[in-house]
Amino acid sequence: MSDRVYKLIETLQEKILLLKGECVLERSKNDELTAKNKALSSELAEKAITIESLNEQINELNQKHSEAKEQNVGQTDESGISDEQIDELVKEIEYCIGQLKK
């Protein structure tokens, strides 16, 4: 074969090697992003469970608070928590939920 053909083959081989290297790099980046995506999805699921739990606590505390107001009693018999403490807990839980949603 002529020198021109050899040079073209050599050029093609160099380009192929460059493309292989870029492909390996992109696969590595893809693997990293996939791992990050899985970790973030897992974290999101955990936070959703936490939010659900906090919402249940808010509902329970609101119910207890309403019952205490209806009875016009300063403290609930079951827990010994005052209305003010319940209000503070509800506010704190709502704040925590707001922070988790960010």
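By convention here, the first residue in the shown sequence is residue 1.
Heavy atoms of other residues, nucleotides or ligands lying less than 6.0 angstrom from CD of Glu92 number 12 at most. Surrounding CD of Glu52 are at most 12 heavy atoms belonging to other residues, nucleotides or ligands under 6.0 Å away.
Contact detail for Val90 and Asn62: the closest heavy-atom pair is CG2-OD1, 3.7 Å.
At a threshold of 4.5 Å between non-hydrogen side-chain atoms, the residues Ser41 and Asn37 count as touching. The side-chain heavy atoms of Glu14 and Leu18, taken from C-beta on, include no pair separated by under 4.5 Å.
Between Leu54 atom CG and Ile49 atom CD1 the span is 12.0 Å, to the nearest 0.5 Å. To the nearest 0.5 Å, the span separating CG on Asp3 from CG on Leu8 amounts to 11.0 Å. Between the CG atom in Leu100 and the CD1 atom in Ile93 there is a gap of 11.5 Å [rounded to 0.5 Å]. Here OG1 of Thr11 is found 11.0 Å from CD1 of Ile16. Values are rounded to the nearest 0.5 Å. Interatomic distance, CG of Leu61 versus OG of Ser66, reported as 10.5 Å (0.5 Å rounding). Between atom NE2 of residue His65 and atom CD of residue Glu84 there is a gap of 8.5 Å, rounded to the nearest 0.5 Å.
A salt bridge does not link Lys7 to Glu10: none of the charged side-chain nitrogens sits closer than 4.0 Å to a carboxylate oxygen.
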query: Should Asn55 and Ile51 be marked as a side-chain contact (heavy atoms from CB on, under 4.5 Å) after you check the CA-CA gap, both sets of side-chain angles, and the distance that decides it?
result: CA-CA 6 Å; Asn55 280 329; Ile51 287 172; 3.6 Å; yes
Given salt bridge (charged side-chain N to carboxylate O under 4.0 Å, His left out), test Lys29 with Glu26 step by step and report yes or no. CA-CA 5 Å; Lys29 286 180 184 178; Glu26 289 302 318; 3.7 Å; yes
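When atom types are taken as modelled, the side chain of Thr50 and the backbone of Glu46 share a donor-acceptor pair closer than 3.5 angstrom. One N or O on the side chain of Thr34 and one on the backbone of Asn30 form a donor-acceptor pair closer than 3.5 Å.
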